[in-house]
Visitor: 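One structure is given below, represented as structure tokens, and several questions about it will come after.
Here is how names work: the chains are called A, B, and so on, in the same order as the sequence lines, proteins then strands, and each is numbered from 1. The structure displayed is predicted, hence computed values, not measured ones.
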4 protein chains.
Amino acid sequence: MVVILKPKTKQEDVNKMVSYIKDMGLDVMVNKGVDCTVLGLLGDTSKIDPDTLMLNVHVDRVMRIAEPFKKASRKFHPDPSVIKVDNVEIGKEGEFTVIAGPCSVESEAQIIDVAQSVKKSGAKMLRGGAFKPRTSPYSFQGLELEGLKLLKEAKEKTGLPIVTEIMSPKMVEIFDKDVDLIQVGARNMQNFDLLKELGNTKKPVLLKRGLSSTIEEWLMSAEYILASGNPNVVLCERGIRTFETYTRNTLDLSAIPAIKRLSHLPVIVDPSHSAGMSWMVEPLSLAAMTVGADGLIVEVHNCPEKAWCDGAQSLDKKQFENMMNKMKAIGVHVGKKI
Amino acid sequence: MVVILKPKTKQEDVNKMVSYIKDMGLDVMVNKGVDCTVLGLLGDTSKIDPDTLMLNVHVDRVMRIAEPFKKASRKFHPDPSVIKVDNVEIGKEGEFTVIAGPCSVESEAQIIDVAQSVKKSGAKMLRGGAFKPRTSPYSFQGLELEGLKLLKEAKEKTGLPIVTEIMSPKMVEIFDKDVDLIQVGARNMQNFDLLKELGNTKKPVLLKRGLSSTIEEWLMSAEYILASGNPNVVLCERGIRTFETYTRNTLDLSAIPAIKRLSHLPVIVDPSHSAGMSWMVEPLSLAAMTVGADGLIVEVHNCPEKAWCDGAQSLDKKQFENMMNKMKAIGVHVGKKI
Amino acid sequence: MVVILKPKTKQEDVNKMVSYIKDMGLDVMVNKGVDCTVLGLLGDTSKIDPDTLMLNVHVDRVMRIAEPFKKASRKFHPDPSVIKVDNVEIGKEGEFTVIAGPCSVESEAQIIDVAQSVKKSGAKMLRGGAFKPRTSPYSFQGLELEGLKLLKEAKEKTGLPIVTEIMSPKMVEIFDKDVDLIQVGARNMQNFDLLKELGNTKKPVLLKRGLSSTIEEWLMSAEYILASGNPNVVLCERGIRTFETYTRNTLDLSAIPAIKRLSHLPVIVDPSHSAGMSWMVEPLSLAAMTVGADGLIVEVHNCPEKAWCDGAQSLDKKQFENMMNKMKAIGVHVGKKI
Amino acid sequence: MVVILKPKTKQEDVNKMVSYIKDMGLDVMVNKGVDCTVLGLLGDTSKIDPDTLMLNVHVDRVMRIAEPFKKASRKFHPDPSVIKVDNVEIGKEGEFTVIAGPCSVESEAQIIDVAQSVKKSGAKMLRGGAFKPRTSPYSFQGLELEGLKLLKEAKEKTGLPIVTEIMSPKMVEIFDKDVDLIQVGARNMQNFDLLKELGNTKKPVLLKRGLSSTIEEWLMSAEYILASGNPNVVLCERGIRTFETYTRNTLDLSAIPAIKRLSHLPVIVDPSHSAGMSWMVEPLSLAAMTVGADGLIVEVHNCPEKAWCDGAQSLDKKQFENMMNKMKAIGVHVGKKI
């Protein structure tokens with residue numbers, strides 16, 4: 001950590017700062033510059049809060065050099081983590097895990113139909129919304145517990161582990177019992193109370209990136225779960241909020257190699273929610289694979305006779321199958337088996 | 001609501017759409033354009049989910065014309081709402097309510113000292129963090145319940161209603177009992193489960209704007225509380241996330257006149273967290289008053305003998321007093337009494 | 001185009017608006033809603049300026065339904081455009097064009113060395129900065145005309161067409177004579193005077209996306225060149241400005257399928273400037289190919305004996321060769337030949 | 001400047017770096033941390049390009065501590081600069097300068113009518129667009145030279161110095177002769193060629209902030225003009241691009257106190273373009289004054305008999321007069337005379 005003092009800070013005040021920092025068990029190097037003095041803090045600064053240092057009248061700025069995350073950092077855990085979800089492993093060298101399913105669980109027929117179909121195409125897990133975070137209180141909020149029940153039935157029928165979103169710490173107990181991979185949505189990425197409670201379980205957590213969260217903040221949220229004792233975290237890039245309005249969000253694929261370098265945790269991509277348009281799902285999915293992601297979570301809708309298939313952002317079963325076939329071919333050349 | 005159909009949509013499909021929409025109890029006008037057909041939906045579209053319409057293969061885009069919020073809208077509630085917090089009213093014509101206090105509750109001496117001081121300067125409520133949302137699990141998380149206890153003591157000593165942040169639905173009962181104005185932080189603005197539970201109380205809620213929430217999403221979160229039956233919502237602009245890094249966040253003061261036009265709810269400004277620098281608090285506070293806000297929530301730190309006063313973003317007691325005096329003078333000319 | 005009138009607009013004012021719009025040669029449909037009246041403008045609205053309509057006191061909002069661009073639009077030009085740059089074609093079905101070279105032209109030895117090397121690896125054009133847009137007036141501004149001269153020598157030696165950035169309308173004549181593909185940088189994407197002058201030539205233009213330009217604004221800048229009579233425009237996505245600071249910019253790969261759907265112009269990707277880190281160039285390049293781009297423009301640095309190779313964002317010659325080999329293999333499966 | 005080396009950098013490579021930096025005439029302090037070594041560069045680092053240091057394979061990151069701008073910096077020029085525009089001074093202690101006029105110059109009658117009216121209300125300069133930067137090539141591009149002629153006539157009639165936007169280096173000579181304050185628009189803030197040419201004149205320049213420019217980049221663009229020898233720069237905040245779409249841009253009023261602290265240059269605010277809605281102009285203008293700006297540039301439209309007054313973002317003459325009266329009253333309490 002580097003502490004930049006304000007110009008013209010008196011020597012006695014510099015000394016005060018230095019001894020204050022040494023009292024925290026750190027070593028300090030004093031760099032006397034032309035405009036100002038810069039203190040180099042040497043030692044484990046991970047537990048030091050820059051805001052506390054900013055409290056000193058003589059401090060101009062504090063710059064962190066070491067990363068604020070430890071357990072999520074690749075520095076101290078060079079080998080990639082492989083997260084076991086029921087009978088499936090995510091993050092395994094040379095494998096690419098695809099999670100697929102409908103946006104919302106609607107009925108037993110629907111969820112089982114989609115589950116069997118995506119399994120046939122190569123999906124390894126089933127996704128489906130039971131509790132839905134909706135911007136409007138007047139929008140459909142999901143089938144809730146009934147939805148969970150239907151997901152479990154689909155699992156019995158297909159053997160696919162189930163992935164669904166949790167929205168409240170009050171549900172942790174039930175999800176821990178019934179869900180294989182508990183999804184924390186973008187809006188709850190910094191719901192620290194929820195993260196802590198999930199950290200007290202051993203259940204794998206799919207942590208989506210917040211709409212306006214930096215990569216560092218995202219890893220700090222993972223750190224909350226890891227620090228509470230649960231090592232089973234899978235990250236998911238799902239698009240960030242930018243000024244561009246043509247796409248609902250801007251999928252930040254650069255975040256994948258960044259995560260791979262900064263952390264040992266697996267990271268997958270959600271190409272459905274970011275774009276918000278079904279015709280963009282395939283190109284973004286191929287790009288996610290070649291950019292280095294460990295997998296995908298994709299929306300696939302069943303297509304009954306009525307005109308209401310082809311969800312705004314969902315692929316139908318045939319489109320999904322075609323996409324999977326393309327990915328299997330490309331995977332060979334980037335060392336990713338589906 | 002306007003539904004734009006894809007170019008070359010067949011007449012029979014247009015007719016299908018029209019009757020589908022009419023089945024929802026709406027009237028439809030068909031605008032045959034050169035490139036495409038546009039459907040004008042007439043009637044109460046507030047309960048219609050655009051995503052559902054997007055599910056139709058022939059729909060290109062859906063544009064909302066009426067606002068998605070009803071109870072928060074000024075259209076159906078032309079008079080400004082005045083929210084009663086204990087003995088204080090926020091949003092009253094001609095008044096400007098200042099809430100002040102330390103970032104975190106640290107000790108009985110500290111909180112009472114600050115409370116008495118800000119009261120003398122004209123503050124009407126006391127703020128103080130007991131449960132702290134921190135990006136890092138290793139940072140100080142607040143005194144929690146002990147902090148609540150100290151806030152209550154400060155209230156007994158000064159009569160100032162207390163404002164503090166809630167972080168979990170599990171705490172709603174305790175907060176409902178002990179806190180006068182329950183703050184929902186930026187990170188929890190779309191913690192819908194928490195919003196619903198607060199909607200089931202009658203306790204005033206201070207709803208901070210999310211870091212990357214649009215004004216519409218912010219009002220939709222207020223709508224969650226209102227729709228659940230709690231009419232006592234006060235909005236708080238605290239800065240949004242942009243590319244600019246000099247300030248921690250970008251205070252969006254344009255949002256104040258916007259809220260005043262769109263909604264009847266009172267809106268206050270937090271000049272401390274947005275800037276993150278104490279020397280910016282005064283100018284931003286004066287701007288907040290003249291741009292039309294109903295009040296402020298400001299961080300004020302006590303200043304013991306040690307050098308550790310002048311918090312990065314907090315005013316000391318003297319700076320706060322000076323600022324309040326300036327605001328009283330300016331208030332006269334914008335019709336705002338402190 | 002849809003014009004939403006303010007609530008309670010009098011019938012006579014509605015009539016005024018309608019006849020005003022009809023005077024512009026358009027047909028109007030009047031949709032009387034519950035809250036407000038909506039006018040549907042039928043006909044060619046491309047030349048109508050929404051701001052002019054907003055000038056009317058009774059207009060609340062104007063929503064465009066047709067795209068504002070015509071010549072750049074795929075609607076009126078369904079087949080993809082193939083742009084001929086000297087002896088190379090960009091945008092040709094089944095081909096992937098790679099442009100490579102150093103950030104700045106430094107010397108004859110350097111530019112020729114890099115040119116020969118990237119040609120061997122499969123690059124079809126040579127890039128190199130002669131006039132450099134620098135944030136600081138104190139940074140190296142490029143070799144300017146001397147740099148152009150060296151690029152021409154490299155072309156003579158290798159036959160590779162040259163791509164370099166123009167920074168002023170005053171240079172159009174020289175660039176038209178000496179450069180094969182004239183690059184307009186992100187900072188000049190809305191330098192309309194420059195765009196018009198380039199529109200008066202027939203020389204191919206590589207139009208980079210502005211740092212905070214929407215896809216629509218980007219295509220409108222292309223429209224400036226096309227409308228002035230030059231049909232030879234190649235678009236280049238190079239990252240947009242967001243709140244994320246880990247990467248210098250956020251590469252918006254979703255923009256590629258978006259452009260493919262909206263326009264007939266070829267679009268390539270710059271993976272070097274967006275990330276700003278050489279180790280991210282390969283994954284982003286593979287992603288660019290699989291997401292559907294027509295090519296790449298990549299920075300490749302020569303590596304003399306001194307330690308100063310491995311530019312912050314440049315690949316060295318060996319890294320570039322390896323990347324090209326991977327891309328050739330993957331290309332087979334996405335129908336892109338290098 | 002602080003240079004962070006990659007973990008495990010060998011001592012010999014550290015020594016290489018140190019001597020390399022010393023060769024640039026700087027002193028170096030070596031901070032050996034636990035994870036990595038940090039070099040503190042002591043001396044005048046303003047002319048050092050961080051990118052050049054990043055070129056070294058052993059460098060992880062480079063952090064600038066001193067500001068990159070010198071001539072624009074308050075550090076080396078503690079007293080605020082007062083810029084003389086014809087007979088008007090901007091940036092003078094205790095004064096607030098208002099520039100007003102129509103968006104576009106339309107006719108002699110219009111511009112003279114508006115000029116006389118805004119002068120009566122207290123405006124000190126006349127603005128009016130002659131050359132218009134328009135997103136669409138099909139939108140009205142301004143009266144161009146004819147517009148300049150009309151502005152000069154308005155100046156003769158009223159004595160108000162004129163402010164209008166330049167769009168090309170080719171126009172510098174004419175603008176230098178005819179215009180009193182040459183405006184560089186947001187889209188051209190990093191049109192470095194234009195900045196350099198304006199730096200070769202002595203004519204005052206109104207430099208608008210780019211839509212996605214940081215405060216530092218903005219000051220670096222001012223540095224281009226100052227470094228070329230023209231000290232007469234006035235900055236103008238006009239809103240930045242964010243995810244919020246209710247307002248056209250987000251007016252960043254925090255930038256005003258920031259500029260006041262970082263630089264000695266005067267800074268004014270444009271409340272018309274940022275909001276894009278006339279009813280927001282007054283509150284934002286009052287806020288601009290109280291937050292510490294040196295003035296305003298406001299759009300005022302004349303209001304003929306036809307319905308086409310009340311421009312989307314322009315005040316009419318009466319609204320402007322009322323606003324000016326309020327500002328005169330408030331100015332007294334913030335020490336700003338209009």
Visitor: Identify which part of Thr214(B) has an atom lying under 4.5 Å from any heavy atom of chain D, answering side chain, backbone, both or neither.
Guide: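 Contact with chain D involves both backbone and side-chain atoms of Thr214(B).
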Visitor: If you count heavy-atom pairs under 4.5 Å with chain D, which of Thr242(B), Ile256(B), Thr245(B) comes out on top?
Guide: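 Among the listed options, the one with the most contacts to chain D is Thr242(B).
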Visitor: So for Thr247(D), is it side chain, backbone, both, or neither that comes closer than 4.5 Å to the heavy atoms of chain B?
Guide: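 Just the side chain, heavy atoms under 4.5 Å.
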Visitor: Go through the atoms of Ala275(D) and report whether side chain, backbone, both or neither lie under 4.5 Å from a heavy atom of chain B.
Guide: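 Interface part for Ala275(D): neither.
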Visitor: Given Glu299(B), which of Ser314(B), Ser278(B), Ser272(B) fulfils the side-chain hydrogen bond (donor to acceptor under 3.5 Å, both in side chains) condition?
Guide: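 Considering Ser314(B), Ser278(B), Ser272(B), a side-chain hydrogen bond (donor to acceptor under 3.5 Å, both in side chains) with Glu299(B) is found only for Ser314(B).
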Visitor: Side chain from CB out, backbone as N, CA, C, O: work out which of these in Leu262(D) comes under 4.5 Å of a heavy atom of chain B, or both, or neither.
Guide: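 For Leu262(D), side-chain heavy atoms alone lie under 4.5 Å from chain B.
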Visitor: At a 4.5 Å cut-off on heavy atoms, which part of Ser285(B) comes close to chain D: side chain, backbone, both, or neither?
Guide: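 Contact with chain D involves no heavy atom of Ser285(B) at all.
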Visitor: Given a strict heavy-atom distance threshold of 4.5 Å, which part of Arg261(D) is in contact with chain B: side chain, backbone, both, or neither?
Guide: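 Contact with chain B: side chain only.
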Visitor: Evaluate the criterion side chain to side chain contact (heavy atoms under 4.5 Å, CB included) for residue pair Lys71(D) and His77(D); output intermediate values, then yes/no.
Guide: CA-CA 8 Å; Lys71(D) 291 185 161 55; His77(D) 187 314; over 6 Å; no
Visitor: Determine which residues belonging to residues 330-338 of chain D lie within contact range of chain B, meaning some heavy atom pair is under 4.5 Å apart, and list them by number or answer 'none'.
Guide: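 Within residues 330-338 of chain D, the residues that come under 4.5 Å of chain B (heavy atoms only) are Ile330(D), His333(D), Val334(D).
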Visitor: For Ser274(D), which atoms come within 4.5 Å of any heavy atom of chain B: side chain, backbone, both, or neither?
Guide: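 For Ser274(D), there is no contact with chain B at all, as no heavy atom is under 4.5 Å.
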Visitor: Chain D: which of Glu282(B), Met289(B), Lys326(B), Met280(B) shares the most heavy-atom pairs with it under 4.5 Å?
Guide: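 Max contact count across the listed options: Met280(B).
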